[in-house]
Structure formats: structure tokens, C-alpha cells
Protein chains: 2
Amino acid sequence: MTKAAKPDAKARLPLTRKAVLDTALKIVDEAGLDALTIRAIARELGVYPNAVHWHVGSRTNLVGAVASRLFDEITLPDPRKHTWDEWLEVVARQWRDAMHQHPNIAMVAGTHLVTTTGAMPIVERILSVLLDAGFEDESLVDAYNAFVGFVLGWLTVELSREPENADRGWKDEFEEDLDQLDPNTFPALTSAMPRMRNAAFLTRWDSGRQQPMAGAFDAALTVLISGLRASVPKR
Amino acid sequence: MTKAAKPDAKARLPLTRKAVLDTALKIVDEAGLDALTIRAIARELGVYPNAVHWHVGSRTNLVGAVASRLFDEITLPDPRKHTWDEWLEVVARQWRDAMHQHPNIAMVAGTHLVTTTGAMPIVERILSVLLDAGFEDESLVDAYNAFVGFVLGWLTVELSREPENADRGWKDEFEEDLDQLDPNTFPALTSAMPRMRNAAFLTRWDSGRQQPMAGAFDAALTVLISGLRASVPKR
DNA sequence: ACCTGAACACCGTTCAAGT
DNA sequence: ACCTGAACACCGTTCAAGT
């Protein structure tokens with residue numbers, strides 16, 4: 001982050017919308033979602049706040065636009081080289097890779113309504129692969145929503161944000177609470193705790209950014225795909 | 001929302017932390033997540049901002065605390081009255097109901113790291129049911145993460161927030177874009193569009209608050225449970 | 001311990017005015 | 001159309017001081 005805006009910047013650039021979104025992505029990657037402010041972008045570009053406001057509209061709009069960009073970074077595998085269930089697995093992992101490259105903004109895609117046609121190529125691909133698998137009509141849309149909702153949702157939860165301004169020591173506090181659970185009232189949990197400490201949902205204190213859950217995602221994905229396989233309509 | 005704080009309020013109440021969280025939940029239910037500010041709570045309680053700040057700490061902390069409350073509203077079914085897979089389905093639907101009753105704060109549970117022991121009874125229940133089903137050791141934690149990540153994640157995406165300050169007309173704009181997709185480049189999507197318009201992920205413009213996706217959730221849940229059934233380790 | 005009262009730094013957004 | 005320059009209303013958070 002340049003501490004002072006380049007004074008000559010405004011003399012040259014016409015300040016396109018693309019430039020605004022570029023520096024927005026840069027800021028959110030480096031400093032987090034809370035740091036992604038209109039004024040921060042303006043500072044970085046050596047421009048008045050209203051200038052960036054003019055190009056991207058409200059801040060909510062800006063955040064959505066930056067999040068939409070991630071769909072461009074998902075490289076889809078060739079459907080002819082895989083069976084349909086294999087293909088879905090590969091896409092899911094590609095999706096995960098893309099989100100993990102921009103974790104601060106990626107989870108927004110799961111929380112904010114994204115209304116961009118930029119995602120339509122992916123939608124088309126998934127649908128056509130599901131069609132080949134034998135899904136049709138209602139079962140097609142159901143399978144689609146199951147897959148997309150699972151991938152987008154599970155990864156969003158994995159990348160949950162840690163409170164940026166939280167009280168220091170809340171992690172230690174929670175860890176301590178977990179260790180002091182009564183084995184009589186929580187027999188299953190306490191016996192599984194060695195495997196779940198900071199590694200399972202609701203019993204972890206680090207986000208997926210620091211503690212990736214790749215193995216857990218693969219396992220969950222396998223479960224879902226196997227369920228999809230069993231729900232292909234019989235012809 | 002009372003427009004003016006009761007002047008006698010501060011004379012009586014000692015202002016407990018519980019009271020702060022109560023009015024916080026009320027505000028977020030009525031006016032949305034952006035309206036949940038420390039100052040708004042202080043106004044409602046007829047108190048200085050620093051008073052509520054003293055009880056709940058930072059705003060991030062406050063939001064997390066309010067979100068954690070939802071776990072109390074999930075009423076768990078009796079495991080002895082269901083098979084393990086049935087039981088998981090019932091829990092998932094209960095979970096969905098609880099989240100839909102406080103949609104503005106519920107999705108925070110999927111986005112923010114929740115570190116509260118208040119969720120441990122649910123964790124314990126799920127684990128013990130999965131144990132009965134035959135999962136153990138690593139497969140137990142995998143099944144747990146698959147189920148919890150799916151439910152929490154899918155529902156978070158369903159309840160995605162609509163931008164509160166967005167430009168008017170962005171919905172119509174997106175709808176129009178969808179209708180103008182080229183059938184040659186998007187054959188599967190355009191032919192499935194009647195079923196997907198405003199009803200499927202990435203092709204909707206209303207949140208699950210206005211357009212609930214109960215049917216899609218049930219279908220996805222069935223897929224996941226069927227996948228779990230297939231992944232029970234053989235003894 | 002709990003809260004008042006006031007201040008500080010930082011926001012998004014909106015004007016009018018320039019070019 | 002695009003941006004300056006300034007202002008407005010609203011934040012979270014932090015002080016010192018009271019009780």
C-alpha cells in the first residue's frame with residue numbers, strides 16, 4: 001500500500017471503472033473486507049471519494065462487483081475428458097481454489113446476492129453436464145441447486161471471517177471452554193475432541209484461511225456426488 | 001421502534017448484557033443488519049453509546065453474540081423416535097426454520113466464526129446419532145463436517161442479503177440480461193430458464209427471505225443424506 | 001463495576017460547481 | 001460525461017471523569 005497517492009496519477013488516468021475494481025480487489029486482498037472503503041480506493045488512486053463513487057455507485061454495489069470477478073478465475077475442465085461425476089468434483093475443487101485465492105472477498109459471493117451474467121458460462125456448463133448425466137426438468141434444477149448451494153455454501157462457511165476488532169484472548173477462552181466440557185453430558189463430543197479441536201465446524205477458532213479444511217471438503221464433496229449419483233432419474 | 005428513548009429507562013434498569021442483546025436482536029429483525037449499530041441500541045435503551053460498548057465490546061463481538069443466540073431456538077427431535085437418517089433430516093429442517101425466523105442475523109452464523117459453547121448440545125447430538133449410524137473416528141468427523149457445512153452453508157446462501165443501498169432497477173436489469181441470453185451459446189440454460197428464473201442460485205434476484213427455496217433445500221438434503229447413507233463404513 | 005459526557009478519526013453519500 | 005471541493009449525517013471507539 002502506497003502511503004501517499006501519486007500526485008501525477010490524476011493527471012494521466014481517465015479513471016475507468018476497471019481501474020477502480022482492480023485496486024479494490026488489491027485492497028481487499030491485502031487488508032481485508034473492512035478496509036475496502038470507497039475512501040481507501042480514492043486515496044490509492046489519488047482522487048476524490050466522489051470520483052470512485054461515480055464509477056461504482058454505492059459501496060454495497062462495489063463489494064458485489066468485486067466478488068463477481070472471482071467467477072472469471074474459475075477455469076472449467078473439459079467435459080469430454082471426464083465422466084459427469086468426476087467433472088463435478090474437479091469443478092468443485094477449482095471453485096475452492098479460486099475462492100481461497102481471494103478469501104476476504106470470496107465469501108461475499110455466498111452471502112450477497114450476486115446478479116451478474118459473468119457467472120452464466122459456469123451455470124451453462126454445469127447444467128449441460130447434469131443433462132448428460134440423465135437429469136431433466138425438475139430433477140435437473142434440483143441437482144443444480146444441490147451442487148451449487150453445497151459448494152458455494154460449504155466454502156463460505158469454511159472461509160468464515162474472524163472478527164477483526166475482537167477482544168484479544170477470545171480464542172484461548174473458547175479453547176479452554178472446549179477442554180472443560182463435561183464428558184458425562186458430552187460423551188460423543190469429548191471423545192471426538194482430539195479430531196475436532198480447531199478442525200471442525202462450531203469447534204474451531206481459526207478460519208479456513210489459516211486452517212484450510214481441504215480434506216473435510218473432499219470428504220463432503222464425495223458424499224454429495226455419491227448422493228447425486230443415486231438420484232439420477234431412471235429412464 | 002420507539003422514536004425517542006424513554007427518559008426514565010436509565011433510572012430503573014441496571015442495563016444487563018442480556019437486555020442489550022435482546023434489543024439488538026429486535027433491531028436486526030426489524031431493520032436489517034446494517035441498522036444494528038451500537039448507537040442504535042444505545043438510543044433504544046436511552047443510554048450513552050459507551051454503556052452498551054462496555055457490555056458487549058466491539059461491534060463485531062456484538063454481531064457474533066446475537067448470531068449465537070439462534071442455536072438456542074433449534075429444538076432437537078428425540079433420537080429414539082427416528083432412524084439416524086430421518087433424524088438428520090428433521091434437524092436440518094428445524095435448523096432452516098430457526099434461521100428463517102431471523103434471516104437478517106442468521107446468515108452471520110455461516111459467515112462469522114462462531115465460538116460459543118451454546119452450540120455444543122447440538123454438536124453432541126449430531127455426533128451421537130452419527131455414531132449410532134456406524135460412523136467412527138475419521139469418518140465420524142468427516143460425516144459431521146459434511147452435514148453441518150452443508151446445512152449451515154446452503155442456508156446461508158439461500159438467505160443471501162440483498163444490497164440495502166443498491167441502485168434501483170438492478171433487478172430489472174439482471175432479469176432483462178437473463179432473458180436476452182443467446183440460446184446458441186447457452187442452450188441448456190435458456191431451455192431450463194423457465195424453471196430457474198428467480199428460483200435457482202446465480203439466476204435469481206430475490207433473496208430466500210422473499211422467495212424461500214424450501215423445495216430445493218429438501219431435494220438437496222435428500223441428496224446429501226443419501227450420500228451419507230452410502231458412506232457408512234462397513235463393519 | 002458501571003456509566004456519563006465529550007471528543008476523535010473515520011465513514012458513505014450528497015450537494016453545487018467546474019470542465 | 002466526469003471530476004473537484006466541501007459539506008452533512010452517521011458511525012465505532014476511546015478518553016477522562018464521575019458514582
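Just so we're on the same page: letters track the sequence lines, and every chain starts at 1. These numbers come from the heavy atoms of this one structure, side chains and all, not from hydrogens, waters or symmetry mates.
- Mapped onto DNA chain C by nearest heavy atom, B/Ala51 and A/His53 fall at different nucleotides, with B/Ala51 at the one closer to the 5' end.
- At whole-Å resolution of the value, CG in B/Asn50 and P in C/dG5 are 12 Å apart.
- Taking the charged nitrogens against the carboxylate oxygens, A/Lys18 and A/Asp22 do have a contact shorter than 4.0 Å, which makes a salt bridge.
- One finds no salt bridge joining A/Asp142 and B/Arg195 here, because no Lys/Arg side-chain nitrogen approaches an Asp/Glu carboxylate oxygen to under 4.0 Å.
- When rounded to the nearest whole Å, the span between CG of A/Asn61 and C1' of C/dG12 equals 13 Å.
- Contact check, A/His55 against D/dC3: a side-chain N or O comes under 4.0 Å of OP1 or OP2.
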So which protein N/O to nucleotides 7-11 of chain C N/O distances come out below 3.5 Å?
unit_1: C/dC11; atom_1: OP1; unit_2: A/Arg43; atom_2: NH2; d: 3.2

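- Consecutive pairing runs in DNA chain C reach the stem threshold at C:4-8 with D:12-16, C:12-16 with D:4-8, where a stem means at least three Watson-Crick or G-U wobble pairs with distances under 3.5 Å.
- Salt-bridge formation is not detected for the pair A/Arg209/A/Glu162: no Lys NZ or Arg NE/NH1/NH2 atom is positioned less than 4.0 Å from an Asp or Glu carboxylate oxygen.
- Whole-Å rounding puts the B/Ile41 CD1 to D/dG12 C1' distance at 12 Å.
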**Prompt:** Step by step, would you call B/Met99 with B/Glu158 a side-chain contact (heavy atoms from CB on, under 4.5 Å)?
**Reply:** CA-CA 10 Å; B/Met99 286 184 70; B/Glu158 183 194 359; over 6 Å; no
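- Partners of B/Asn184 under the side-chain hydrogen bond (donor to acceptor under 3.5 Å, both in side chains) rule, at least two apart in sequence or in another chain, do not exist in this structure.
- The distance between atom CH2 of B/Trp54 and atom P of D/dT19, rounded to the nearest whole Å, is 18 Å.
- Between B/Trp154 and B/Phe217, the two ring planes are tilted [angle within 30° to 60°].
- Between A/Tyr48 and D/dC3 there is no side-chain N or O to OP1 or OP2 distance below 4.0 Å.
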